[in-house]
Each structure stands twice: as structure tokens, then as C-alpha cells.
Novice: 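Provided herewith is a single structure, encoded as C-alpha cells, for subsequent inquiry.
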Amino acid sequence: MTLEEVQKKLELGIEQSEVIVEGDGCNCSAVIVSPIFEGLSLLQRQRAVLAVVKEEIKSGELHALSVKTFTPAER
């Protein structure tokens with residue numbers, strides 16, 4: 001899975017998001033900014049993001065994803 005594919009999947013799966021993805025494809029990190037994170041705990045935010053790529057992680061297409069989430073106000 002390419003970084004561009006990971007980014008596109010996250011942008012489509014997380015409403016109103018800005019996504020920056022870095023890494024080597026199967027092991028990557030993502031910074032996601034979205035207003036949907038307002039009022040959510042860190043764990044809830046990570047679960048929301050990982051749910052978007054659950055199938056890719058399960059299949060091994062995406063080995064690991066490190067996630068940092070922010071609301072627009074937290075940037």
C-alpha cells in the first residue's frame with residue numbers, strides 16, 4: 001500500500017480531514033486534523049482512525065500505522 005493510498009483512504013474515511021502521511025508504505029505515520037475529534041479522548045480518536053484502515057492492517061497490506069490526531073484548534 002503506497003503512502004498516497006493510505007492518505008486517500010484516511011481523507012475519505014475521516015470527515016473534513018487534512019492528512020499528512022510519512023513512512024515507507026507498510027510502516028507509516030499519519031497526522032490527521034479534523035473537527036470530528038472535538039470532545040473525543042485520545043483513545044477514541046485513535047480508534048476512529050484505525051477503524052478506517054482495519055482491513056488493510058488485518059490483511060497485512062498495511063503493517064503499522066502511528067497516528068497523531070488534532071482538532072483544527074489544536075494545530
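Note that the coordinates shown come from a computational prediction; the quantities given were computed from them, not determined experimentally.
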Novice: Group every Ile, Leu, Val, Met, Phe, Trp and Tyr by side-chain heavy-atom contacts under 4.5 Å, then state whether Leu40 and Leu65 land in the same group.
Specialist: yes

Novice: Do Glu11 and Lys8 have side chains that get closer than 4.5 Å, going by heavy atoms?
Specialist: yes

Novice: Mind checking whether Arg75 and Glu18 have side chains closer than 4.5 Å, heavy atoms only?
Specialist: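 Answer yes - side chains close enough.
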
Novice: Any side-chain heavy atom of Val49 within less than 4.5 Å of one from Phe37?
Specialist: yes

Novice: Indicate yes or no: at least one non-hydrogen side-chain atom of Val31 is less than 4.5 angstrom from one of Val19.
Specialist: no

Novice: Does any non-hydrogen side-chain atom of Val6 lie less than 4.5 Å from one of Glu22?
Specialist: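 Glu22 vs Val6: side chains apart.
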
Novice: Could you check if a side-chain atom of Thr71 sits within less than 4.5 angstrom of a side-chain atom of Val33, using non-hydrogen atoms only?
Specialist: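 Counting from C-beta outward, Thr71 and Val33 never come under 4.5 Å.
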
Novice: How long is the gap from CD on Gln46 to OG on Ser41, to the nearest 0.5 Å?
Specialist: 9.0 Å

Novice: If you count heavy atoms of other groups shown closer than 6.0 angstrom to CG of Leu12, is the number above 12?
Specialist: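 Above 12, so yes.
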
Novice: Should the heavy atoms of other residues, nucleotides or ligands under 6.0 Å from CD of Glu74 be counted, would the total exceed 12?
Specialist: yes

Novice: What pair of heavy atoms forms the shortest contact from Lys9 to Val53, and how long is it?
Specialist: CG-CG1, 4.0 Å

Novice: If I compare all heavy atoms of Gly23 with all of Leu3, which pair ends up nearest, and what's the gap?
Specialist: O-CD1, 3.3 Å

Novice: Between Ser17 and Ile14, what is the shortest heavy-atom contact and its length?
Specialist: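 So the two residues come closest at OG-O, 2.8 Å.
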
Novice: Look at the side chain of Glu5 and the backbone N and O of Thr2, then say whether any donor-acceptor pair between them is shorter than 3.5 Å.
Specialist: yes

Novice: Between atom SG of Cys28 and atom NE2 of His63, what is the distance when rounded to the nearest 0.5 Å?
Specialist: 11.5 Å

Novice: Taking all non-hydrogen atoms of both residues, which atom of Ala30 and which atom of Val21 are closest, and how far apart?
Specialist: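 For Ala30 versus Val21, the nearest heavy atoms are CB-CG2, 4.2 Å.
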
Novice: Is there a chain of hydrophobic side chains (I, L, V, M, F, W, Y, each step under 4.5 Å between heavy atoms) that links Val67 to Ile57?
Specialist: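 Yes, same cluster.
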
Novice: Got a second to check how far Ile32's CD1 is from Leu10's CG, nearest 0.5 Å?
Specialist: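 Ile32 CD1 to Leu10 CG: 5.0 Å, rounded to 0.5 Å.
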
Novice: Please give me the minimum heavy-atom distance between Gln44 and Gly39, naming the atom from each residue.
Specialist: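 Gln44 and Gly39 have their closest heavy atoms at OE1-O, 4.3 Å.
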
Novice: Between Ser59 and Glu56, what is the shortest heavy-atom contact and its length?
Specialist: OG-O, 3.2 Å

